[in-house]
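Atoms within each ligand, like the ligands themselves, are counted from 1 in listed order.
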Amino acid sequence: MAGASQDSMAKQSFFSCNACGAVHGKWSGRCDACGEWNTIAEEVPLSTGPSAKTPSGARGTKVSLTDLATAETPPPRTGSGIAELDRVLGGGLVPASAILVGGDPGIGKSTLLLQAGARFAAQGLNTLYISGEEASAQIQMRARRLGLEQAPVRLGAETGLRDILTTLAAEKPDVAIIDSIQTMWTDHVGSAPGSVAQVRAAAHDLTSFAKRNGTAVILVGHVTKDGQIAGPRVVEHMVDTVLYFEGERGHPFRILRAVKNRFGPADEIGVFEMTEGGLRQVENPSALFLPERDTPAPGSVVFAGVEGTRPMLVELQALVAPTPHAQPRRTVVGWDSGRLAMILAVLDARCGISFAGLDVYLNVAGGMKISEPAADLAVAAALLSARKDTALQSDTVVFGEVSLSGGLRPVGQTENRLKEAQKLGFSAAIAPERSKTGGKTGLKVKKITDLKTFVEKIFGAGQSLKQE
Ligand code: TYD
Ligand code: MG
């Protein structure tokens, strides 16, 4: 029978990497695609179930671009009323879009989405929250804790995708929140829930439901720091928008970051604070990441950063101490360790300031993570300040990119950075020479061409920085 041979062909298993989703013909200890060890697992292909069957006479696949000309208007959006969330979404929720909200377990994804769901429901959107992790009673308890027990969000506790799709098809909600994609399983895939094949199949079915029915589908995905439960990496390619919810344990601050957005700018962030009563938005994050700074402290420098379109001042702290080890430590929290190594090398090669034999610690205060190269100069300043045990003026912000030659390169949104610094009571800035300051800020801007000049001007040329 033709059907039988097709079936046995379809049942032939394959191997895929749990970390990056790459598909391999045979098992091996290490994934060639991403280099991770022990991440390859056997899977049974998708094509055995009814949902994989191509409908006969595929309909509606051809549309001329000219037919779409009328659809030029931006997509209609619904704001949640939580400004920090709406900005990250690119101005609100777009119908028929698929959104992945990823983050470490326990960071607050369910809390955020229950609160967001309540707000969308309050705007009149038909909102469904389906949890595969908690029972309805538990979600209700959480809602009570958040003061949302009156919100018209409908709850479901379910993990079977077939039942969920049936519910969605019957209810046709405007918003469907699926918490989490790792708990969903579909019976036409042989592997266990949480495996790449299951996550991929569930995400595929849910995103295509979104496209066909105009429902905005929000998928929650757990991602651990070392990428271990990495199903969501596979999902990233399927959805329109990928948001990451980040924060350090022990710090109440949470940052929602758009890393991909078909309907808005990526790199945009929203800042929240986890409180007893759930997540509260933080409208002025600069004030929050800057601790009391009355007395200037050595090693502490304020960086005038920009995240997305939004300026944000953060404090960088460095500590430099003689090492008891043969190999000195370089420890970084909130910044890139490769970039720190580069700054140390440039300081050594271009300014003759060596950190050999010294442990170096660098910390971004408040649990913030910075990825901008614009922080280079501020990092260098913090390192020098710690190394020399000399505090920088506490009314000064620093920003600029350091090149390998030791030169300083101007960075984007200079005016935006200066304005924010002025708003928060700073009176001076140190910036690269060719920075476009626009001239209208009340800040005194010291413009500097290279790192060597920076060391001389700010930390004094006379004193030697060489180790005693
Ligand atoms: P949760 O939303 O369950 O995280 P995730 O879905 O990402 O796994 O959040 C869990 C943490 O948040 C938990 O440690 C308790 C804390 N929390 C608060 O501090 N305040 C609150 O109002 C709520 C609901 C949770
Ligand atoms: Mg959760």
Could you check ligand 1 for N or O atoms lying under 3.5 Å from protein N or O atoms and list the pairs with distances?
| from | atom 1 | to | atom 2 | distance (Å) |
| --- | --- | --- | --- | --- |
| ligand 1 | 2 (O) | Ser110 | N | 3.2 |
| ligand 1 | 2 (O) | Thr111 | N | 2.8 |
| ligand 1 | 2 (O) | Thr111 | OG1 | 2.6 |
| ligand 1 | 2 (O) | Arg142 | NH1 | 3.2 |
| ligand 1 | 3 (O) | Arg142 | NH1 | 3.2 |
| ligand 1 | 3 (O) | Arg142 | NH2 | 3.3 |
| ligand 1 | 4 (O) | Gly108 | N | 3.1 |
| ligand 1 | 6 (O) | Ser110 | N | 2.9 |
| ligand 1 | 6 (O) | Ser110 | OG | 2.6 |
| ligand 1 | 7 (O) | Ile107 | N | 3.4 |
| ligand 1 | 7 (O) | Gly108 | N | 3.0 |
| ligand 1 | 7 (O) | Lys109 | N | 2.8 |
| ligand 1 | 7 (O) | Lys109 | NZ | 2.9 |
| ligand 1 | 8 (O) | Gly106 | N | 2.7 |
| ligand 1 | 20 (N) | Arg145 | NH2 | 3.2 |
| ligand 1 | 20 (N) | Thr275 | O | 2.8 |
| ligand 1 | 22 (O) | Arg145 | NE | 3.4 |
| ligand 1 | 22 (O) | Glu276 | O | 3.0 |
| ligand 1 | 22 (O) | Gly278 | N | 2.8 |

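- Across Asn261, Asp240, Thr241, a single residue satisfies side-chain contact (heavy atoms from CB on, under 4.5 Å) together with Ser97, and that is Asp240.
- Protein-derived N/O/S atoms nearer than 2.8 Å to the Mg ion (ligand 2) total 1, waters excluded.
- For the 3.5 Å distance criterion, the side chains of Thr167 and Glu158 fail to qualify, holding no donor opposite an acceptor.
- Checking Thr183, Leu100, Ile130 one by one against Ile178, the side-chain contact (heavy atoms from CB on, under 4.5 Å) holds for a single residue, Ile130.
- Residues Glu315 and Ser300 have side chains that bring a donor and an acceptor to within less than 3.5 angstrom of each other.
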Could you give the side-chain donor-acceptor pairs of residues 87-94 under 3.5 Å, partners two or more places apart or in another chain?
| from | atom 1 | to | atom 2 | distance (Å) |
| --- | --- | --- | --- | --- |
| Arg87 | NH2 | Glu84 | OE1 | 3.0 |
| Arg87 | NH2 | Glu84 | OE2 | 3.3 |
| Arg87 | NH2 | Ile269 | O | 3.1 |

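- Using modelled atom types, one finds no donor on one side chain facing an acceptor on the other under 3.5 Å when comparing Asp179 with Ser131.
- With sequence neighbours excluded, the residues forming a side chain to side chain contact (heavy atoms under 4.5 Å, CB included) with Ala391 are Pro296, Pro298, listed by chain and number.
- Salt bridge Arg310/Glu307: absent, no basic N to carboxylate O contact under 4.0 Å.
- When only modelled atom types and interatomic distance are considered, Thr323 and Arg329 share no side-chain donor-acceptor pair under 3.5 Å.
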